[in-house]
2 protein chains.
Amino acid sequence: MPRAKCPKCQKIERILKSGIIRGKQRFYCKDCNYHFTLVHESRKQKTEARKNNDKTSLKDIANAAGVSISTVSRALNEHPDISIETRMAIKTLAKTMDYQPNLLAQSLVNRSTHTIGVIIPNLETTFFSSMLGGIQHIAAQSGYRVVICQSDESHTIEVANLQALMNNMIDGLLICHTLNTTNFDHLKMQINRGIPIVQFYRVSDNLDIPKVYSDDESGAFQITEHLIKKGSKKIGLLLGPKALSINKRLNGYLKALNLHGIEIDDKLIKHVDFSYNAVIKAVDEWLEMEPAIDAIFSISDKCAVQIIRYLKSKKIIIPNMISVCGFGNEYTGEIVEPQLTTFDVKTREIGEAAVKLLLDQIIQKTSKIKKQMIKGSLIVRESTDK
Amino acid sequence: MPRAKCPKCQKIERILKSGIIRGKQRFYCKDCNYHFTLVHESRKQKTEARKNNDKTSLKDIANAAGVSISTVSRALNEHPDISIETRMAIKTLAKTMDYQPNLLAQSLVNRSTHTIGVIIPNLETTFFSSMLGGIQHIAAQSGYRVVICQSDESHTIEVANLQALMNNMIDGLLICHTLNTTNFDHLKMQINRGIPIVQFYRVSDNLDIPKVYSDDESGAFQITEHLIKKGSKKIGLLLGPKALSINKRLNGYLKALNLHGIEIDDKLIKHVDFSYNAVIKAVDEWLEMEPAIDAIFSISDKCAVQIIRYLKSKKIIIPNMISVCGFGNEYTGEIVEPQLTTFDVKTREIGEAAVKLLLDQIIQKTSKIKKQMIKGSLIVRESTDK
DNA sequence: ATTGATTGCGATAACGTTTGCGATAGATAT
DNA sequence: ATATCTATCGCAAACGTTATCGCAATCAAT
């Protein structure tokens with residue numbers, strides 16, 4: 001025998017039960033042909049409960065000040081439409097109530113988050129972290145936050161990161177690809193979505209977007225020529241995986257050899273994955289050659305340092321018997337003995353240039369596609385100083 | 001002579017001009033006592049224009065599918081209320097229309113961004129970047145993004161970063177304080193705001209929040225005792241600025257001396273700001289002492305390496321004349337000759353432990369305040385191996 | 001009295017989601 | 001038949017802002 005009151009006609013006579021919905025009794029008023037369930041307090045309770053522990057919003061200030069939300073918003077944004085008195089009153093009120101604007105809501109309506117994303121293979125090696133440092137610095141100066149994702153040199157993770165970042169959380173993206181990234185479909189997908197993307201350091205030649213890179217070919221040329229001038233003729237070249245864009249360094253190496261009339265020996269050129277074992281294996285193979293090599297040019301400072309230590313452990317004198325060069329100018333090259341000759345690619349500047357390019361695009365909406373090369377410089381140290 | 005039509009009564013007879021508002025003519029209908037301006041297309045045009053180049057939203061899918069927005073939302077979220085057929089239809093439609101959910105809107109309603117913030121003094125030194133690596137790794141595993149701010153060892157920047165991050169953009173914060181941070185008011189302000197905060201590495205003792213730190217005192221004790229056992233009696237201790245929490249290392253040093261009955265000499269304990277000049281000055285002062293010191297314990301590996309190079313340049317034999325110890329186990333300590341004895345503080349593990357603590361708080365809402373110490377280990381190398 | 005201009009503020013519609021609840025139609029039980 | 005359930009789906013209210021426009025009141029100039 002239902003004893004519910006119809007919310008419409010307020011009668012209790014002609015009410016019938018009409019099933020149970022989500023656990024609650026449902027009624028039907030024959031008079032006004034209206035279905036209803038009993039009054040629910042849940043939602044009210046929920047909103048009331050929230051009121052207590054949540055941050056103060058514009059609404060709260062508006063209530064406290066006795067004005068509308070729009071007035072509060074404009075007052076805090078120094079809009080001239082609001083009189084100076086109310087403006088000041090609202091601002092002091094906001095301060096005492098410890099108001100902090102909700103950036104999510106702002107971003108949602110402004111369609112901009114003041115955040116840029118960075119996808120980088122690794123942030124623990126000084127080489128990359130110094131780029132990151134440059135990026136973070138410039139971005140912060142312009143009031144932009146930076147969210148960082150490591151791809152760990154995994155293409156799959158890179159793709160996933162890209163997906164995750166592009167969903168409205170960032171105004172622009174900086175990406176430095178994986179060693180194994182040969183397919184750029186994931187980037188192509190995103191390019192026409194409207195948000196600016198800049199590639200840095202490891203870039204793809206055939207994608208028409210802004211990019212910042214180092215003068216690898218020239219650097220490798222300078223290193224190789226330096227070795228040649230120091231008297232080396234059989235120069236082992238240690239490269240990364242073949243896919244890598246920075247393998248342009250190979251060209252510099254070849255050019256230098258050609259220019260100085262030195263024959264090219266394929267056995268002197270080795271691709272490794274930068275793991276310690278692979279590096280040592282390559283060096284061992286070179287050492288067994290006849291005649292022996294007289295120089296090693298490693299595309300990575302880290303490997304070069306490993307090589308120096310390995311050669312020393314085998315009582316091979318550097319640079320007298322074998323000269324060693326690196327590439328990148330990491331700090332360890334300065335510490336190792338003999339100190340490492342290398343090429344300073346100015347990682348920090350690369351990072352800085354990349355953000356600047358990106359911020360230009362974001363702020364000024366310039367769609368001109370710039371490709372920027374950062375010039376490095378040869379640093380001669382003991383490991384080649386015969 | 002106005003010829004406008006009243007939007008209410010549709011008459012054109014009794015319309016009067018009534019000023020110009022924001023550049024547009026305003027009218028007044030005497031019949032219905034109604035003020036109005038002419039029809040404005042601006043807003044409509046704006047929304048229409050947006051339709052073209054913007055991303056697809058739930059609304060677009062709903063229109064295309066001929067269902068309501070809520071149905072689309074529920075379908076994509078696998079809500080059982082939606083029939084399998086519509087669910088599948090909507091999902092394929094979403095795929096072909098290349099739908100990507102707007103994370104901002106989601107975060108706004110869900111009150112969670114799946115993003116954690118990190119404030120760190122510097123991300124370019126391996127010491128900190130390896131913590132960061134650990135943080136990023138674990139966070140990514142749990143589906144959390146990481147936004148990073150460098151404080152550059154500036155307290156002011158740290159405070160600003162904190163402000164910027166806490167405005168609803170992050171679900172939790174990881175903070176490693178500046179060398180100069182002695183005042184923690186900025187943190188206190190935020191602590192009761194509801195979002196979890198975890199301190200790591202450089203922590204404050206008197207703030208009752210979760211923290212992860214290294215066993216500095218024990219580490220310093222181990223290092224000092226190791227030096228003593230190797231025969232050193234006059235051990236110079238190079239500390240950071242006095243405010244720094246990691247100066248607990250001083251206690252370890254003192255304990256070891258006390259335990260082994262070695263008198264404490266204040267001149268042997270120096271505070272520096274980690275700059276090269278300050279370090280060299282401290283070392284010089286020690287070298288001039290009578291009798292000479294026989295060991296140096298630097299609180300930072302970086303300084304220790306600098307000291308080794310400086311001593312070598314002065315023809316001082318390490319460890320025979322002076323032993324040198326660092327703290328932190330950075331990579332350079334392995335490269336320098338002689339290789340550096342140091343204490344491995346397991347930076348990566350500190351980072352990992354810190355995120356885990358934070359994620360526990362965020363996800364499980366456990367309010368238990370945990371303080372976690374990460375144990376390090378002594379690494380004996382050539383620089384103390386007499 | 002008519003018209004023009006300005007100042008200060010409120011209402012309201014976005015922004016793109018999620019979600020509680022209502023509301024049908026058909027199925028099932030009584 | 002009547003009463004109840006169930007399976008699907010829509011409505012509308014949030015979330016916290018910003019921005020457009022409306023509107024009253026006031027002042028000034030015809």
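Basis for what follows: all heavy atoms, side chains included, without hydrogens, waters or symmetry-related copies. Letters A, B, ... mirror the listed sequences (proteins, then strands); counts begin at 1. Computed from a predicted model, the values in this text were never measured in an experiment.
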With B:L104 as reference, evaluate A:V109, A:T113, A:L103, A:N167 under the side-chain contact (heavy atoms from CB on, under 4.5 Å) test and give the passing residue. A:T113
With A:Y144 as partner, the option from A:I362, A:I138, A:T115, A:I170 fulfilling side-chain contact (heavy atoms from CB on, under 4.5 Å) is A:I362
Classify [X] by what it touches in the nucleic acid, base, sugar-phosphate, or nothing, heavy-atom distance under 4.0 Å.
X	answer
B:S70	base
A:Q100	sugar-phosphate
B:T86	sugar-phosphate
B:S73	base

Could you tell me how far apart [X] ([atom1]) and [N] ([atom2]) are, to the nearest whole angstrom?
X	N	atom1	atom2	value
A:L108	D:dA14	CG	P	17 Å
A:Y99	D:dG16	OH	C1'	7 Å
B:H114	C:dT18	NE2	P	13 Å
A:N110	C:dA13	CG	P	20 Å
A:L104	C:dT18	CG	P	14 Å
A:I61	D:dT18	CD1	P	11 Å
A:D81	C:dA5	CG	C1'	14 Å
B:I82	C:dT18	CD1	P	13 Å

Side chain of [X] only, please: which of [options] is the nearest?
X	options	answer
A:N102	D:dG16, C:dT18, D:dT18	D:dG16
B:A105	C:dT17, D:dG16, D:dC9	C:dT17
A:Q106	C:dT17, D:dG16, D:dT18	D:dT18
B:S57	C:dG16, C:dG8, C:dT18	C:dG16

Note: for A:R74 and B:L58 on DNA chain C, the residue whose nearest nucleotide lies more 5' is A:R74
Distance-only donor-acceptor check, side chains A:S151 and A:S154, under 3.5 Å: no
Note: A:K55-A:D98 ion pair, threshold 4.0 Å (strictly below): no
Does A:S107 make a side-chain donor-acceptor contact with the base of C:dC15, cut-off 3.5 Å? no
Of A:H79 and B:S68, the one whose closest nucleotide on DNA chain D sits nearer the 5' end is B:S68
Approximate separation, where rounding is to 0.5 Å, of A:S57 OG and A:M97 CE: 8.0 Å
